[in-house]
2 protein chains.
Amino acid sequence: MLSRRYLPSMPSLLALEAVERLGSASAAAEELNLTQSAISRQLQVLEGQLGLSLIIRDKHRLRLTPAAQDYCREIRRALQALNQASLTLRANPNGGTLNLAILPAFGMHWLAPRLARFAAQHPEVTVNLSTRLQPFDFAISHFDAAIHYGRQDWSGVDFLPLMAEDLLAVASPGLLKTPLTQANDILSYPLLQLESRTGDWGRWLAHHGHPNQRPPAMLFDQFATMTQGAIHGLGVALLPLFLIERELAENRLTPVFGPAIPSLGSYYLVWPKDAAPRAPLASFRNWIAAERNA
Amino acid sequence: MLSRRYLPSMPSLLALEAVERLGSASAAAEELNLTQSAISRQLQVLEGQLGLSLIIRDKHRLRLTPAAQDYCREIRRALQALNQASLTLRANPNGGTLNLAILPAFGMHWLAPRLARFAAQHPEVTVNLSTRLQPFDFAISHFDAAIHYGRQDWSGVDFLPLMAEDLLAVASPGLLKTPLTQANDILSYPLLQLESRTGDWGRWLAHHGHPNQRPPAMLFDQFATMTQGAIHGLGVALLPLFLIERELAENRLTPVFGPAIPSLGSYYLVWPKDAAPRAPLASFRNWIAAERNA
DNA sequence: AATAAAACATGAGGAAACCTCATATGCTCT
DNA sequence: AGAGCATATGAGGTTTCCTCATGTTTTATT
């Protein structure tokens, strides 16, 4: 339960936050369209209410104590959440909001082109997209749902498969002087790999008859940068087909050896199993379930 | 930047939050030690400031609009964060706070007995422990550090190995009528397994000369419940030695076949690579680095 | 059906919180 | 030394917040 007694007032929190960020009461006053006097008093009020001193007044400079800096970190996050929630509500007074975590590559290539249709069908829902590179625990995030890649090895969630993935070994057309005659030859080139998918090259080699290898590779955190690396001749990359159709068509990337092989994981829409049902999520689920078949 | 203009006042947010939770303005007034009149006015103020109506006044009952319910969900979280931060600060005005995510089993058996020593050495640091079953992305959580289990396959983090783990196949003493003569025989008993470690039985069998198996198993989300299941004769479990020393000593669990085998992963202290340095985390890291060798 | 109980809205007015202005004081830099 | 800039504070005005008292409508009870 929230007790009114220990919650500081909004102006005092804003004052502290601005002072911490801007380094002086005067600067904070300017940002908040107040006088320096107001800031000074709010800081005193806050210290009085919390019953401790937050600020070391040292030769007419304001310095926050370490504890106050920690405190500031927390309240800033909370204030931003309040601000964001209020702005979202103003922007969209009738419908709901859907907070969706996406994978950057999938979001750009698969979801983005389709999302306009969802927005048209459900103008009452505002979709907030936020990019995450890794699966995460819904219990500590504020997302209604997420796009994950993997093998359904998540717990406490329901999911809906969206798309399988095929991986093709590609490189810049200039990289290979002569075509490869066997898969193993690829080891003489630098290999590019996603840091979240470190087994892929081993699987690719096994698929072509060279099991139990775990070749070293340059690591990238996102497909986008890895694709750019491959285009610029950094090495051979194992990339999802759906991401590089254009690069292949325009001959900026070219297959190196063999056909595309199916990826170990797939893309899923994932949402927490025990969350209270919400209309925006239900709409989105229904829409995406229809969309993935289209 | 936070603008004062769109941040509602604390009293108005508290009023909305309480009304949503308790269902009436009168009840909210009682909880907040205010009059019903005050609540009624605060709701009007909030609606005026946001420029929309949050409440459907239907036959003298207050019902929140769907958008207002969504809004409420967000502000409640933020208010609780503010409350929590303020209370923590009051409780510990001089030192810092360390927010640590732990794995339940490791936290109970390894960390808890040692943590008192850290608290004694660093009375200025308050440690907040929070149990998480899975690794997570620091970018969306508020943790300073975490205890993870795995094989260092995380990105954007630094880590410190804490402890390796040995797995022993155990069961209730009454479960096996006759001792097993070969590892394979274990397949005639129900197997218990952690849902986050689905490869373990396969690895155990391979270790005993039966590769490429992936036996079905009952899934548990935590070691604690799985241990209880094993004790009560549910089947054979593969459990970390350090968790079941007592159960073995008191003969509530007994080894089934073979010695303990090393686990694929280890326990690590993990913290975000790019976070601003903080004294509490540094102290904790130093302490735990010394502790793990003790 | 009448009545009591409970819920919300609102006018009036006081208290508290918040802010500004004016001014004092101390540090810093040239 | 003096200009410039920083914070602190007394005095006083404005706004926000809250209560009291009262009225209206709904719901429950007798």
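Residue numbers start from 1 in every chain, and the chains themselves are labelled A, B, ... in the order their sequence lines are given, proteins ahead of strands.
- Computed from coordinates, the A:L34 CG to C:dC21 P distance equals 11 Å when rounded to whole Å.
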Apply salt bridge (charged side-chain N to carboxylate O under 4.0 Å, His left out) to the pair B:D144 and A:R73, showing each step before the final yes or no. CA-CA 12 Å; B:D144 298 298; A:R73 204 170 59 125; 3.3 Å; yes

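- Straight-line distance from the CD atom of A:Q49 to the P atom of C:dC18: 9 Å, rounded to whole Å.
- In this structure, the CD1 atom of B:I56 is 16 Å from the P atom of D:dT26, given to the nearest Å.
- Using a 4.0 Å heavy-atom cutoff across all strands shown, A:T35 reaches at least one base atom of the nucleic acid.
- Counting non-hydrogen atoms under 4.0 angstrom, A:S40 reaches a base of the nucleic acid.
- Here the closest heavy-atom approach between residue A:W110 and residue A:R292 is recorded as CZ2-CA, 3.9 Å.
- Within 3.5 Å, no donor on the side chain of A:Q36 pairs with an acceptor on the base of D:dA6, nor the reverse.
- Counting distance only, with no hydrogens placed and no angle test, the side-chain atoms of A:S37 and the base atoms of D:dT9 include a donor-acceptor pair under 3.5 Å.
- Rounded to whole Å, atom P of C:dT28 lies 13 Å from atom CG of A:L62.
- Across all their heavy atoms, B:L103 and B:Y149 have their closest contact at CD1-N, 3.5 Å.
- The distance between atom CD of A:E30 and atom P of C:dT20, rounded to the nearest whole Å, is 13 Å.
- Remark: the A:R41 side chain and the C:dT20 base include a donor-acceptor N/O pair separated by less than 3.5 Å.
- Between the CD atom of B:Q42 and the C1' atom of C:dA16 there is a distance of 13 Å, given to the nearest Å.
- You'll find that the side chain of B:S24 is closest to C:dC8, out of C:dC18, C:dC8, D:dC17.
- To the nearest 0.5 Å, atoms CG (B:D274) and CZ (B:F138) are separated by 10.5 Å.
- At a cut-off of 3.5 angstrom, the base of D:dA8 holds no donor-acceptor pair with the side chain of A:Q44.
- Straight-line distance from the CE atom of A:M10 to the P atom of C:dC19: 12 Å, rounded to whole Å.
- The two residues A:A27 and A:L22 make their nearest non-hydrogen contact at O-CD1, 3.6 Å.
- As rounded to whole Å, 11 Å separates atom C1' of D:dT7 from atom CD1 of A:I55.
- In this structure, A:A25 reaches the sugar-phosphate backbone alone: every heavy-atom distance under 4.0 Å involves primed, P, OP1 or OP2 atoms, never a base.
- Comparing A:S12 and B:L43 against DNA chain C, the residue whose closest nucleotide sits nearer the 5' end is B:L43.
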